[in-house]
Amino acid sequence: MDPVRNPYAPGAGQRPPELAGRDRELRQFEVVLERVARERPERSMIITGLRGVGKTVLLNAFRSMAIQHLWGTGKIEARPDQSIRRPVAAALHMAIRELAPRHRAPDRIEQFLGVLKAFAQAGEDSGAKGKARVHRWQPGIDVPAARGRADSGDLEIDLTELFVDAASVATDLGVGIGLFVDEMQDIPPDDVSALCAACHELSQTGGPLIVVGAGLPHLPAVLSASKSYSERLFRYARIDRLDRASADLALLAPAEREDVTFTKDALDALYDAADGYPYFVQAYAKVVWDLAPETPITTEDIKVAAPEAETELAVGFFGSRYERATPAERDYMRAMAMLGDDPVATASVADELGRKPSSVSPARDGLIKKGLIYSAERGLVAFTVPHFGKFLRAQPA
């Protein structure tokens, strides 16, 4: 079949042609938008799940919904060991730029931009000696930096004041502001605490600014460790593999728009191969489409295409992550894989390696920091990538 017409999209954060199986989460966020519009109190929202289940896609869908409701929006991707001060400043600058043309008081916008500029410049330069501050952030804000507001250098104080001021601008227009944070588990601990404190203040004052975060399954534990009240501060949505009906819809809807379909046996085979994980569904479907000679796509087409799809996943999805690990970290992951696909006890991993638990802790911590494994609960670890154990067991020793 014509590869140019291939509708499937196995990309990092790339929206699939049919966003199947996420209706419940989309309805939840629609309620959040409507409640904020009616000045009803509402919590910020957190999406969690393994790699490849569509967290970034859903986060982007939420942002599109907010834009359709005329909200101001901004998005950041958290990185380990990087403060969120300037990324948040840039994101809120974008959000305010979206609202500014509709605001009737330009001086209110300028006042906020002055606070925003001061907030961004209050951070410390990690490369400077002592606590030297830098003033190199130039986001195109022509107004002078304000003084005495959101510029103390204490991120918790500054972020709270910035959020309150941004929410006030949105209130003038009767809309909200959404700050969308991807890879939220990578925010440094002190910054997580500051972000929770700022959201807590907004929840008490009813300010129409919400944070929508996406991260790995242990993100709720990261938030809870920073502030005990975070469990009540956010609305949590855990997303996982697609059920059979949703996986079939993800395959059939885009194909039928191109006058192509699948036999029932082919759908069975694809569901078995992809195990319902959205990224795998797209990856297998894309290769099958390119190799199938005609419609309907059959089980024979799946058999021909499966090895090529698995090779692509082994290189791009699994292999690229495996290559990031040190030799000691790879040994740790192989030991995890040999113990099965469910969360495993750290003590069992040490036993499998014939080592003391304390001696393998650096490898475990390194893998957690790289986002390859996570602490499912105290004393247990699991892979962040579905089927990663299966991939490792297939590798030569």
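Being a predicted model, the structure only gives us computed values, none of them experimental.
- For the pair Arg321 and Phe317, the cation-pi criterion (under 6.0 Å, within 45° of the ring axis) is fulfilled.
- Ring orientation note: the planes of Phe391 and Tyr322 are nearly perpendicular, at an angle over 60° on the 30°/60° scale.
- Screening residues 345-356 for side chain to side chain donor-acceptor pair (under 3.5 Å), with sequence neighbours left out, gives Arg355-Ser359.
- Under a 3.5 Å cut-off, the side chain of Lys286 and the backbone N or O of Pro10 do not form any donor-acceptor pair.
- Checked by atom type and distance alone, the side chain of Thr384 pairs as donor or acceptor with a backbone atom of Leu372 at under 3.5 Å.
- Salt-bridge check for Asp259 with Arg5: failed, with every basic side-chain N at 4.0 Å or more from each acidic carboxylate O.
- For Glu323, the side-chain contact (heavy atoms from CB on, under 4.5 Å) criterion is met by Arg330, not counting sequence neighbours.
- Not counting sequence neighbours, Lys390 has no partner by the side-chain hydrogen bond (donor to acceptor under 3.5 Å, both in side chains) test.
- The side-chain contact (heavy atoms from CB on, under 4.5 Å) check on Glu98 picks up Arg63, Thr73, Met94, with sequence neighbours excluded.
- Taking the six-membered ring for Trp and thresholds of 30 and 60 degrees, Tyr8 and Phe262 have ring planes more than 60 degrees apart, a perpendicular arrangement.
- With sequence neighbours excluded, the residues that form a side-chain contact (heavy atoms from CB on, under 4.5 Å) with Arg35 are Val31, Arg40, Pro41, Glu42.
- For residues 209-226, every residue pair satisfying the side chain to side chain donor-acceptor pair (under 3.5 Å) rule, not counting sequence neighbours, is listed here: Ser224-Glu231.
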